[in-house]
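Proteins get letters first, then strands, A, B, ... in listed order; numbering begins at 1 in each.
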Amino acid sequence: MPDGSVRTYARGTTGAEVAASIAKSLAKAALAVKVDGAVRDLALPIERDASLEIVTDKSPDSLELIRHDAAHVMAEAVQSLYPGTQVTIGPAIANGFYYDFARDEPFTPDDLVKIEAKMHEIVNANAPFTREVWDRDEAIRHFLSIGEKYKAEIIRDLPGTETITIYRQGQWYDLCRGPHLPSTGRVGHAFKLMKVAGAYWRGDHRNPMLQRIYGTAWRTEKELAEYLHQLEEAEKRDHRRLGKEMDLFHVQEEAAGSVFWHPKGWTLYRTLERYIRAKLDHAGYVEVRTPQLYDSSLFKASGHWDMYGDNMFKIRESVAEDGTEKLLGVKPMNCPAHVQIFRQGLKSYRDLPIRMAEFGNCHRNEPSGALHGILRVRNFTQDDAHIFCTEEQVPDEAAQYFKLQLGVYKDLGFDRIAVKLALRPDVRAGSDEVWDKAEEGLRQALRANGLEFEELPGEGAFYGPKVEFHLTDAIGRSWQCGTLQLDFVLPERLDASYIGQDGARHRPVMLHRAILGSFERFIGMMIEHYAGKFPLWLAPVQAVVATIVSDADPWAAEVAAACRKAGLRVEADTRNEKINLKVREHSLSKVPVMLVVGGREAENRTVAIRRLGSQQQEVLALDAAIANLIAEARPPAGGDSIDSAF
RNA sequence: GCUGCCGUAGCUCAGUCGGUAGAGCGCGUCCUUGGUAAGGACGAGGUCGUUGGUUCGAUUCCAAUCGGCAGCACCA
């Protein structure tokens, strides 16, 4: 037992019986039993010695049970309301559950209301969940006979060793591995259906599209209410909303997937660019600039034309008399271009590593459904670099990259980063031996730097595996930002070489790496992370000088000018409005500092400083105020000072 | 790209069971000079995403198309 005690029972005693033998209240509260760490039905006989824990609604495991069972309850509700609908799969997920249905008619928002009402009825009926073991072939035949093709297919594809189990709840039953709660009543009423969306059968776009209904489910109404409130709060930090409210950028349909940066947004962009450029300068990078358009021959040589061509923008430059077209490609990546610079002149092993950086503007023809605010766009600028080095230099370069990368994320306020290692995709260039070497190289680099990571088979770039640094946006979606990719393929395909110590030509290794990923995506993430309330050094408008009376206008102008001269981004608000309105408006637009000046300040040559989110005022002489603000507005320096670069 | 929903003033949205539209905020003018989250009055603003069809008549119904949102698929 969890408290360390040992209890003895006859073989075949159920979890329910164990709970009952301990306490009546425990028997009542019991939802499932954890046998050697695996959650199982309360009614299942326990056949051997094991560590045992009774799962109640207090335990974290209960949420998953509630959500999974809510999916079953929803499936029953749907089939009773819409006969002929086929059921497929319905798992518990973060914050809730979903179930995929096959039905010709779409579910409408009204349908969701009806389904939800039906679910409450089913919960109230409190039918016990009962488990049955079926013969495999019989199960397939049965599900086919009642028109459940998908269920039959699931069983057919289960490994032969798998026990086929059916769970009943009243009249309704479903193929399911379990475990389940004792009865539908235990699901409770703290659930809500959220949305309907399409989802491909088995996640493959070649398969038919099913209708997925998403729901959220919690232990108590209070938890549900908190979750819904949290969603509302998250919406307020959404970069698309804040981008508009704060006048940072916009997108419009004539340039779908591209960003119009407004003055304030562009100031933010340039501030970030200046920061990261200083970081790169200090880390031994050289910066370059390369063209947007290239003849198709370059992308054919690199492999992009074949492997990535569907996502590239192609332009017909001319048509020859014989009808052959000359095609140009807009670069989707900077790597082929950087190899061209590397290839100019002979390179010696003494030149390596070369860390070639570019704030490279790329275009990718992303599927329309993939576009999302400024987080997923068709035109973006990467803080890209390619490190040309020898194989021996890889571990050290990787370590330096990780240090730089993590330092930047820390400076910018991100402490929760998910690290993933994306392995070879189906469509790829290079031999399996080369991939083995590259994948193992990155694994070791990660381990050597003490980074915990998750492996993602099949997700790598066509030329190499990649380490991905993921950040989570306001609505819980995960986005790849930084990346480190180890590439033995492109140097070969684009014939990059250096002269080694032995006087012979050798292939360099290429490390593709980005820290922010793209400015667009990263700024979107920063907006959400800070909810628009940027630290002083990043804020597009650092302070507003607001007048109380028009007599203070000249002093306000003087204050603003002095601030700007000192390098601060300051605006003056001398409108004929009350100070209440000015404070409100600049607070809503998230300006970090207000310098309020009225008659007293004008007379004494002072300013009243008011910080965003605080009601307190601090009256200071102008010089002192500026000195304070300048100190505060200095970008984070990290380990090595980057002041000189500013 | 796929499924569903959506597209009305600068913004957020209401509305028209087919007879060319309305609110709040914002904007402009005027009054107000007010000490830390909305002072007041008046006024201007829209061929209802685009194209086609049905109709005497379309913002409203239908279709196509473009874009947005959610999810899926994709994401070098």
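Electrostatic pairing of A:Glu603 and A:Arg600 does not count as a salt bridge here, judged by no charged N lying under 4.0 Å from a carboxylate O.
Counting to the nearest Å, the C1' atom of B:G1 and the CZ atom of A:Arg206 are 14 Å from each other. The distance between atom CD of A:Glu366 and atom P of B:G67, rounded to the nearest whole Å, is 14 Å. Rounded to an integer number of Å, the gap from A:Glu601 CD to B:U36 P is 11 Å.
Closest to the side chain of A:Ala199, out of B:G1, B:G67, B:C72, is B:C72. The side chain of A:Ile579 lies closest to B:G35 when the candidates are B:G35, B:G34, B:G71. Relative to the side chain of A:Glu585, the nucleotides B:G26, B:G67, B:G1 differ in distance, and B:G26 lies closest. The listed nucleotides are B:C72, B:G34, B:U36; the one nearest the side chain of A:Val549 is B:G34. You'll find that the side chain of A:Met209 is closest to B:G71, out of B:G71, B:G39, B:C66.
In this model, a donor atom of one side chain and an acceptor atom of the other lie less than 3.5 Å apart for A:Gln480 and A:Lys466.
Base-pair partner of B:A70: B:U3 (Watson-Crick or G-U wobble, both distances under 3.5 Å).
For the atom pair A:His262 NE2 and A:Lys264 NZ, the distance stands at 10.0 Å (nearest 0.5 Å).
Comparing the C1' positions of B:C31 and B:C69 gives an interatomic distance of 44 Å, to the nearest angstrom. Look at the C1' atom in both B:G57 and B:U16: the space between them is 15 Å, to the nearest Å. For the C1' atoms, the distance from B:G71 to B:U8 is 27 Å, rounded to whole Å.
Partner A:Leu193 forms a side chain to side chain contact (heavy atoms under 4.5 Å, CB included) with one of A:Val113, A:Asp111, A:Ile115 and no other, that one being A:Ile115.
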